[in-house]
Amino acid sequence: MTQLTITAPDDWHVHLRDGDFLSETVAATARCFRRAIVMPNLVPPVQTAEQALEYRQRILAAVPNDRDFDPLITLYLSNDTTPERIRQASEAGIVAAKLYPAGATTNSDAAVKGIEALYDVFQQMSESGMLLLIHGEVTDSHIDIFDREKAFIDQHLAPIHQRFPDLKIVFEHITTADATDFVLGASDSMAATITPQHLLLNRNDLLVGGIRPHNYCLPVLKRNTHQNRLRDVVAAGETRFFLGTDSAPHTKHTKESDCGCAGCYSAWSAIELYAHVFEDLDALDKLEGFASFYGPDFYGLARNTDTITLHKQEWTIPSEIKLANQDSIVPFFAGQRLAWQLAE
């Protein structure tokens, strides 16, 4: 096979940031994705419908003229979120809200402390048809960082799913066999996104031969047995697992600092990275469902009607990308070769 044409895909989890980042991140995401669920963890976070719509306009202003791109903005849940705020957001067309346990990842300090305090909010979300997107990790200092996803399932996710069976939940960027099996065993109102880094890498790629800060993300990379479980489930074409890059840009100097921040900037080569994985798994026939069908089906949105084409053509991901302010980003898989390339 030298060419692969699929229905245009969407990214169901991306960080576009704001300000100087937007000219880079929006163009990179719009090069192959028609829609994207945009994360709300800005500073300050996107907590109201008005803030969400203003952020959407800033993103749209950065969309290249030759691209068709629809940013789907999400609401940032905090202990200040009320059912009325959810109702207003739903009426304004906001399709989802994001739950970060406080301190779980970048710009999450203002997030939820005491998840049960949001049960009235979850009830309103269920009634309004707004999806709940969850960063599923506990932040208790006594729980090992490699065990925090499993602990979150047991302590929080399973009770939420049982209490609100009609609430659609996306377990974001899952990293473990535990999360995979939980979603498979849950009802049809539970789904999950999977990133390219968690399909391509395991914790050896973070720690062996020295710490590799550009592979550092949260949830952190896990052992290869968990990586292989994720690869198995996408190769099987399970319909409640779909594409969400969690592409998260940081400047090179902040990634390579003494407390390097979490996030892999994969938007620049996202669909090619996934094609690399699916070809490696001898499952290229499953890529279209994962990238283009299962996400909109779960969200209750129409599938895209146009297509993209990938050519079997080797190319090298650049080592750095310059921003307009002359800062640079090191993209995920920088300097490595991929066998598939999007036809522009």
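Each residue takes its place number in the sequence, starting with 1. Note that the structure is a prediction, hence the values are computed from the model and not measured.
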Of V26, T251, L16, which is the lone residue that meets side chain to side chain contact (heavy atoms under 4.5 Å, CB included) with F21?
T251

Under 3.5 Å, side chain of R240 to main-chain N/O of M190, donor-acceptor pair present?
yes

Would you check, one step at a time, whether the test side-chain hydrogen bond (donor to acceptor under 3.5 Å, both in side chains) holds for E288 with S292?
CA-CA 5 Å; E288 185 175 39; S292 311; 5.3 Å; no

Could you tell me whether a side-chain N or O of S126 sits under 3.5 Å from a main-chain N or O of Q123, the two making a donor and an acceptor?
no

Correct closest heavy-atom pair for L118 and S78 would be CD2-O, 3.5 Å

Can you check whether I329's main-chain N or O pairs, donor with acceptor, with E320's side chain at less than 3.5 Å?
no

Parallel, tilted or perpendicular: ring planes of F122 versus F164, cut at 30 and 60 degrees:
perpendicular

Should the ring pair Y100 and Y76 be called parallel, tilted or perpendicular, given that the plane angle runs from 0 to 90° and is split at 30 and 60?
tilted

Please identify each residue that fulfils side chain to side chain donor-acceptor pair (under 3.5 Å) with D10, with sequence neighbours left out.
R35, N304

Return the CD to CG distance between Q313 and L342, rounded to the nearest 0.5 Å.
11.0 Å

Heavy-atom check, side chain of Y294 versus side chain of L243, under 4.5 Å
no

Checking N204 against N224 for the side chain to side chain contact (heavy atoms under 4.5 Å, CB included) test, could you report, in this order, the C-alpha distance in whole Å, the side-chain angles of both residues, the deciding distance, and whether it holds?
CA-CA 8 Å; N204 282 352; N224 64 349; over 6 Å; no

Check whether the ring centres of Y299 and W12 lie less than 6.0 Å apart, and answer yes or no.
yes

Please report the interatomic distance CG(L99) to NE2(H135), rounded to the nearest 0.5 Å.
10.0 Å

Can a donor-acceptor pair be found, under 3.5 Å and without considering hydrogens, that links the side chain of Q227 to the backbone of L200?
yes

So, does S269 use its side chain to make a donor-acceptor pair with the main chain of E272 at under 3.5 Å?
no

Is there a donor-acceptor pair closer than 3.5 Å between any side-chain N or O of R229 and the backbone N or O of A179?
no

In this structure, CZ of R56 is separated from CD1 of I59 (nearest 0.5 Å) by 8.5 Å

Go through the steps to decide whether L273 and S266 satisfy the test side chain to side chain contact (heavy atoms under 4.5 Å, CB included), and finish with yes or no.
CA-CA 8 Å; L273 289 164; S266 58; 4.0 Å; yes

Under the 3.5 angstrom rule, does the side chain of R148 hit a backbone N or O of D140 as a donor-acceptor pair?
yes

Is E24 salt-bridged to R17, going by a charged N under 4.0 Å from an acidic O?
no

Starting from L201, can I reach V330 by hopping between I/L/V/M/F/W/Y residues whose side chains sit under 4.5 Å apart?
no

Atom pair OH (Y265) and NE2 (H214), whose distance is rounded to the nearest 0.5 Å
14.5 Å

List the atom of R212, the atom of V208, and the distance in Å for their closest heavy-atom pair.
NH2-O, 2.9 Å

So, K255 side chain and Y216 main chain: donor-acceptor pair closer than 3.5 Å or not?
yes

Is a side-chain donor or acceptor of K222 paired with a backbone partner of V220 at a separation under 3.5 angstrom?
yes

About how many Å separate CG of D205 and CZ of R203, when rounded to the nearest 0.5 Å?
12.0 Å

Do F241 and L230 pass the side chain to side chain contact (heavy atoms under 4.5 Å, CB included) test, and can you show the C-alpha distance, the side-chain angles, and the key distance before you say yes or no?
CA-CA 9 Å; F241 299 82; L230 300 182; over 6 Å; no

Does W340 reach the side chain of K312, with side-chain heavy atoms less than 4.5 Å apart?
yes

Evaluate I174 against T180 for side chain to side chain contact (heavy atoms under 4.5 Å, CB included), listing each step before the verdict.
CA-CA 7 Å; I174 63 169; T180 303; 3.8 Å; yes

NZ or CZ of K168 within 45° of F298 ring axis and under 6.0 Å:
yes

Find the distance between NZ (K252) and CG (D327) and round it off to the nearest 0.5 Å.
11.5 Å

If hydrophobic clusters are built by linking Ile, Leu, Val, Met, Phe, Trp and Tyr wherever their side-chain heavy atoms come under 4.5 Å apart, do L338 and M1 end up in the same one?
yes

Over all heavy atoms of both residues, which pair between G136 and F171 is shortest? Give the atoms and the distance, please.
CA-CE2, 3.7 Å

Check this for me: does any side-chain nitrogen of one of D68 and R34 sit under 4.0 Å from a carboxylate oxygen of the other?
no

Less than 4.5 Å apart, any side-chain heavy atom of L53 and any of Q57?
no

Closest non-hydrogen atoms of S187 and P165, given as atom of the first, atom of the second and distance, are OG-O, 4.3 Å

Are the side chain of R31 and the backbone of W268 linked by a donor-acceptor contact shorter than 3.5 Å?
yes

